[in-house]
Amino acid sequence: MDMSVSEGDMAGADLAIDLGPDLAPLVCDLGPSGDAGAGGRLYLAGVSTGGTLYAAAFQPSGGWSALGASGSSTLAEVSIIAAGSPAEPLIAARQSDNALLQASFEPCLQGFRPLAAPFAAASTSNRPALAAGNSGADLIFKGGINNDQRLYHSHLGAGGWSAAVAQTSFLTALSPTAIEVAGALHALFTGTDHKLYDGTVSDGASGGAATPVYDVNG
């Protein structure tokens, strides 16, 4: 299914893009009061039918503006968040060959840095998930080698991305969602037993613990 984003839908920018089946959700960066006048933005990212990343930002005072397209034409899925201080867009993407890539936005260049692996031989078979917190950004992704069904965690700090840590009990065949709550990183995912799980991520030897919160079988 193609999802077209027209110029009328995004007034204020030339953003007539024929997007493919993956359109990342809007990401809200409005600050603690929700006051967009304090610099808050909404971010949007998607992959075109040709495999190229496009992103845009919305400000109530100026409408939508393009953040530029990536140089790659082999992307399949993408996620976007606002991270850092001041908050700037950060993307994580799955390439068509299952390579896991990431890139941060460079305000001085008004574009994203070149897409690169967060660590050596990074791969995923599904769309990765990003979460932002006070200590940086976090990446949750499903394994991409030999039908690996585990989720993995990598953290972006001052020294760059950490090596991935397997969350051994977080088993899924689908894309995860990541969120930070009260300083704790959570991975929400549908388990291989078809139950919806809330996993508290840990970088311990076997990862964190997951609790079923809903059985999709009823």
Side-chain angles (χ1 to χ4, degrees), residues 1-3 19-28 43-49 51 53-55 72 74-81 83 90-103 115 117-119 121-133 137-156 161-181 184-204 206-218:
M1 177 179 67
D2 288 343
M3 303 182 70
L19 293 177
D22 179 68
L23 178 63
L26 289 170
V27 175
C28 183
Y43 293 111
L44 175 70
V47 175
S48 73
T49 52
L53 166 75
Y54 289 88
S72 173
T74 57
L75 297 183
E77 299 176 295
V78 63
S79 296
I80 186 169
I81 59 166
L90 173 69
I91 59 171
R94 179 180 70 84
Q95 199 165 251
S96 56
D97 62 358
N98 284 350
L100 175 61
L101 305 171
Q102 58 77 42
L115 286 160
F119 46 85
S123 66
T124 183
S125 58
N126 293 76
R127 183 170 67 183
L130 288 165
D138 293 278
L139 176 64
I140 300 293
F141 62 98
K142 180 181 176 293
I145 300 175
N146 295 330
N147 196 34
D148 187 354
Q149 295 184 317
R150 295 173 295 176
L151 293 182
Y152 291 79
H153 169 238
S154 177
H155 177 74
L156 176 61
W161 290 98
S162 66
V165 176
Q167 308 298 303
T168 305
S169 64
F170 298 9
L171 301 177
T172 184
L174 304 171
S175 301
T177 296
I179 186 171
E180 184 168 324
V181 180
L185 178 63
H186 292 255
L188 305 176
F189 62 96
T190 300
T192 53
D193 58 0
H194 306 297
K195 294 180 180 179
L196 179 63
Y197 283 86
D198 175 7
T200 303
V201 176
S202 170
D203 285 343
S206 60
T211 302
V213 295
Y214 182 75
D215 188 342
V216 298
N217 289 320

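The basis for the numbers below is simple: all heavy atoms, side chains too, and nothing from hydrogens, waters or symmetry mates.
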Next item on the list: Indicate the atoms forming the closest heavy-atom contact of Asn126 with Glu77, along with that distance.
Entry: C-OE1, 3.4 Å
Next item on the list: State, with a plain yes or no, whether a side-chain heavy atom of Ile91 is found less than 4.5 Å away from one of Ile81.
Entry: no
Notebook entry, point to check: Ring centroid separation for Phe189 and Phe170, is it under 6.0 angstrom?
Noted result: yes
Item checked: Non-hydrogen atoms of Leu90 and Ala137 that approach each other most closely -> CD2-CB, 3.7 Å
Next item on the list: Heavy atoms only: give me the nearest Pro118-Trp161 pair and the separation to one decimal.
Entry: O-CB, 3.2 Å
Notebook entry, point to check: Within the distance-only criterion (no hydrogens, no angle test), does the side chain of Asn146 pair as donor or acceptor with the backbone N or O of Asp148 below 3.5 angstrom?
Noted result: no
Item checked: Leu53 versus Ala45, closest heavy-atom pair with distance -> CD1-CB, 4.2 Å
Item checked: Nearest heavy-atom neighbours spanning Gln167 and Gly208 -> OE1-N, 2.7 Å
Check: What is the distance from atom CG of Leu174 to atom CD of Gln149, rounded to the nearest 0.5 Å?
Finding: 9.5 Å
Check: In terms of the angle between their ring planes, are Phe119 and Phe141 parallel, tilted or perpendicular, with boundaries placed at 30° and 60°?
Finding: tilted
Check: Distance from Ser154 atom OG to Asp203 atom CG, nearest 0.5 Å?
Finding: 8.5 Å
Notebook entry, point to check: Counting N and O atoms only, with roles assigned by atom type, does the side chain of Ser79 sit under 3.5 Å from a partner on the main chain of Ala92, one being a donor and the other an acceptor?
Noted result: no
Check: Side chains of Ser125 and Lys142: is there a donor and an acceptor less than 3.5 Å apart?
Finding: yes
Notebook entry, point to check: What's the spacing between Ile140 CD1 and Ile179 CD1 if we round to 0.5 Å?
Noted result: 12.5 Å
Note to self: Counting C-beta onward and ignoring hydrogens, is there a side-chain heavy-atom pair between Leu75 and Leu101 closer than 4.5 Å?
What the structure shows: yes
Notebook entry, point to check: Of all heavy-atom pairs between Ser123 and Ile145, which one has the smallest distance, and what is that distance?
Noted result: OG-CG1, 3.6 Å
Checklist line | Nearest-0.5 Å distance that lies between atom NE2 in His194 and atom OG1 in Thr172 | finding: 10.0 Å
Notebook entry, point to check: With a 4.5 Å heavy-atom cut-off, do Glu180 and Asp138 have their side chains touching?
Noted result: yes
Notebook entry, point to check: If only atom types and distance count, is the side chain of Thr168 paired as donor or acceptor with the main-chain N or O of Ser206 below 3.5 Å?
Noted result: yes
Margin query: Taking His155's backbone N and O only, do any of them form a donor-acceptor pair with Ser162's side chain (distance below 3.5 Å, no angle check)?
Written below: yes
Check: About how many Å separate OG1 of Thr200 and CG of Leu185, when rounded to the nearest 0.5 Å?
Finding: 8.5 Å
Check: Does the Thr124 side chain pair with the main chain of Gly144, one donor and one acceptor, at a distance under 3.5 Å?
Finding: no
